[in-house]
Number of protein chains: 2
Amino acid sequence: MGTKYNTVKQAIMCKILDGTFQPHQKIYTESELMKQFGVSRHTVRIAIGELVTQGWLYREQGAGTFCVDRTKEESTNVSNQKNIAIITTSISDYIFPSIIRGAESYLSQHGYHVSLFSTNNSHDSEQRALKKILLSSDGIIIEPTKSALFNINIIDYLNLERQNIPYLMINAFYDELDPLSITMDDEKGGYLQTEHLIELGHTNIIGFFKTDDIQGNKRMKGFLKAHREYGVTIDPHNIVTYNSEEKSTKPVEILREKFNIDGDLPTAIVCYNDELAIRLLDVIREKKLQVPDDISIVGFDDSFMASVTEVKLTTIQHPKSKMGEKAAKMILDIIKEVAGSHKKARDIGESIVIEPELIIRDSTKQMHK
Amino acid sequence: MGTKYNTVKQAIMCKILDGTFQPHQKIYTESELMKQFGVSRHTVRIAIGELVTQGWLYREQGAGTFCVDRTKEESTNVSNQKNIAIITTSISDYIFPSIIRGAESYLSQHGYHVSLFSTNNSHDSEQRALKKILLSSDGIIIEPTKSALFNINIIDYLNLERQNIPYLMINAFYDELDPLSITMDDEKGGYLQTEHLIELGHTNIIGFFKTDDIQGNKRMKGFLKAHREYGVTIDPHNIVTYNSEEKSTKPVEILREKFNIDGDLPTAIVCYNDELAIRLLDVIREKKLQVPDDISIVGFDDSFMASVTEVKLTTIQHPKSKMGEKAAKMILDIIKEVAGSHKKARDIGESIVIEPELIIRDSTKQMHK
DNA sequence: CCGTATTTGTTCGTATGTATT
DNA sequence: CAATACATACGAACAAATACG
């Protein structure tokens, strides 16, 4: 403080902050400042020099000294970069790339850039990612890891709240946190899958659900609800649950087994997602069964997989890149609002639940009597 | 250059770089420098002042001026974060997620995090991304945009070199830059695709190649080479080129046309990649033709698409996540080496060319006589 | 612990060069 | 072309912190 050049520096900074000097506007000349503060030119130059290196002003020889446009840069994070983090379970997961693309596209158009973290379904990695993000990001979009299990990283999420860094969960959320979120109505989705088959006359429907995330549990709930509402009884053996680690083995084995033992074969399959549907299609082909003539199958997500095979899958629409875009927009809106006022990030924004829609293609067919 | 303080500045920097001044060692006093260079104290102070703001030196009143320890904080970037950027053409491109996953996994295990930029095949976005990266990243992995066209952003790439930020191109590279790269031997790949079909007795082979990237051009070259070496003449109409914007329309239309006109139908198809193969499979199904009985088809990349359909595709193996991992490792190795010595990033590391391998599945078959 | 020499920090004055208007 | 404004450079003085005998 005590120094003269510091006085000059503070005075100029004030005028920038209170709007006397607008972006790109010329400020006083060196000689004007000399008179105003009664100091030597050298002193004025030191003051201006420091403001230049700190990014407040820029000088143009022969023209003058000008105010930098700082409106574009405000951020809580250390690096002065506008940065949004995305944490996902698995980057190469079949629908996640689309979600990321939607978000990245919106964010980069608005001057932000995207940091990517993959948890590979491990809470440990999630924690590591959160720690790093705390220092470097203005906002976070998270796809929770194993959302159905108790989450150990609550402390880190609460830390985010303390630092007023907005976060948003997509696809699922940790219930305990009651966070802002964009999700599908998965229960309704499961209901629609099942209802469609029941309406086609199927009564022996087998359902496969991944139950270490919330989506799977809710879809299963919808599966049960549809049965109940239509008065169709369920054979408990027709509900198959599995978790992430087993996804490429257990469901396939169980279906194969089902086909091998004689008895009432299911006439339709409800799948947790398209990826699983494709896997099960292989088993059906092995048995020389025809889809949809011998057996109907419904997927979930409407991924490109659904329309890649010879039988185009009946499935549930997932907004994918739109979801990423919505998430990105919501995060930026919150950041803007927090910056403008003194609100807490926690109190802004409202969760969105997307209504699922059934897309009927060629993998489902009226039951033959 | 011309200024005296710049001369002094350069001289001091030299002594820091060549090791005369070790970290935390006291450098010459201001008066010593005045004598050495025959300049005023003012001039010396300007020189030192700039080196201080640039992070090379620090001053202690009463004690002297000292050399900063740059081995620790290395990071040339402003934010003190360990950060690697990945620039891709399209995040949701079908094999890129795997590449990113491989890279992300390796990098996060080594304490780095990943910033993601998507160019959507536009040079403009690429440029915006490069500008941002210049400030915030320690290294860059790039999948070049439209690699076959002349690249406008050379200046930005040269800027990277000037700032000694290592970069690495994967899948393809801009020839003019002669950069470090990890690529497939695409020519050999195209050769293997074609050779396989020729050895199966096919002589009327149609090839589809995306020619706004280098990969496509090289694969086409391999296609031609195989024909030439095996003494099979090519009907010029059997070479179809398209670019990114047309990928979902032109090849499909041309194949459909081909089927509609009578005459010598091709008995085999060489595809730029699996994605195209899947698209063309739809056209083949439309015409009620059987793969591989009526027509053989070869993909490229061995993506999950290759084994999702009812006919498992014969295709060329692509290392995908391994490639991402290799790229990540190479970048970190370079960063480490640059930090330890005073080498230029440009001069470290050697490009890798991955040998393609043919994976024979069910979509190709011996020609019937 | 004190005092002195050394070294950087701040400030002034002055002069000349160069780019912009 | 002249006036203006920043860029570079020299010289001098005193203040404040540190190092060392």
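Throughout, protein chains are lettered first and strands after them, A, B, ... in sequence-line order, and every chain is numbered starting at 1.
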Item checked: Whole-Å distance separating the CE atom of A:Met34 from the P atom of C:dT10 -> 19 Å

Notebook entry, point to check: Under the salt bridge (Lys or Arg N to Asp or Glu O under 4.0 Å) test, which residues partner A:Lys26, sequence neighbours left out?
Noted result: none

Check: What residue pairs, at least two apart or across chains, pass salt bridge (Lys or Arg N to Asp or Glu O under 4.0 Å) with a residue in residues 46-61 of chain B?
Finding: B:Lys9-B:Glu50

Next item on the list: Taking all heavy atoms of B:Tyr58 and all of B:Cys67, pick out the closest pair and write down the distance.
Entry: CE2-O, 3.5 Å

Item checked: Close approaches to DNA chain C from residues 42-52 of chain A, in residue order (heavy atom, under 4.0 Å) -> A:His42, A:Thr43

Next item on the list: Could I get the full list of side-chain hydrogen bond (donor to acceptor under 3.5 Å, both in side chains) partners for B:Glu143, not counting sequence neighbours?
Entry: B:Thr89, B:Asn171

Checklist line | Any residue meeting salt bridge (Lys or Arg N to Asp or Glu O under 4.0 Å) with A:Lys326, in chain and number order, not counting sequence neighbours | finding: none

Checklist line | Bend angle of the helix from C:dC2-D:dG21 to C:dT21-D:dA2, from helix axes over five pairs at each end, nearest 10° | finding: 10°

Margin query: Within this structure, what is the CZ-OG1 distance for the pair A:Phe37 and A:Thr7, rounded to the nearest 0.5 Å?
Written below: 8.0 Å

Notebook entry, point to check: Who are the ring-ring contact (aromatic ring centres under 6.0 Å, His included) partners of A:Tyr106, not counting sequence neighbours?
Noted result: A:His110

Notebook entry, point to check: Among D:dA9, C:dG9, D:dA7, which is the nearest nucleotide to the side chain of A:Glu30?
Noted result: D:dA7

Note to self: Going by the rule ring-ring contact (aromatic ring centres under 6.0 Å, His included), which residues pair with A:Tyr28 if we only count those two or more places apart in sequence or in a different chain?
What the structure shows: A:Phe21

Next item on the list: Side chain of B:Ser31 only, please: which of D:dC6, C:dT11, C:dT7 is the nearest?
Entry: C:dT7

Next item on the list: Sequence neighbours left out, what passes side-chain hydrogen bond (donor to acceptor under 3.5 Å, both in side chains) with A:Lys35? Give chain and number order.
Entry: none

Checklist line | Atom pair distance, as rounded to whole Å: CG in A:Leu57 and P in D:dA7 | finding: 12 Å

Notebook entry, point to check: Which letter, B, S or -, goes with each nucleotide of nucleotides 14-21 of chain D from 5' to 3', with contact meaning a protein heavy atom under 4.0 Å?
Noted result: --BBB---

Checklist line | Atom-to-atom span, NZ of B:Lys4 to P of C:dT18 - whole angstrom | finding: 13 Å

Margin query: Within the structure provided, determine whether B:Ile170 and B:Ile141 are in side-chain contact (heavy-atom separation under 4.5 Å).
Written below: yes

Checklist line | Euclidean distance, atom OH of residue B:Tyr58 to atom P of C:dT7 [Å, nearest integer] | finding: 16 Å

Notebook entry, point to check: Rounding to a whole Å, what distance do you find between A:Arg59:CZ and D:dT4:C1'?
Noted result: 16 Å

Margin query: Measure NZ/A:Lys26 against C1'/D:dC6 and give the value in whole Å, please.
Written below: 10 Å

Check: In whole Å, what is the span from the CG atom of B:Leu33 to the P atom of D:dC10?
Finding: 13 Å

Check: Reckon A:Thr29 has a side-chain N or O less than 4.0 Å from the OP1 or OP2 of D:dT4?
Finding: no

Notebook entry, point to check: Who are the side-chain hydrogen bond (donor to acceptor under 3.5 Å, both in side chains) partners of A:Glu325, not counting sequence neighbours?
Noted result: none

Check: Considering only D:dA9, D:dA5, C:dT7, which nucleotide approaches the side chain of B:Ser40 most closely?
Finding: D:dA9

Check: B:Lys218: what forms a side-chain hydrogen bond (donor to acceptor under 3.5 Å, both in side chains) with it, not counting sequence neighbours?
Finding: none

Notebook entry, point to check: Rounded to the Å, how far apart are B:Phe37 CZ and D:dT8 P?
Noted result: 17 Å

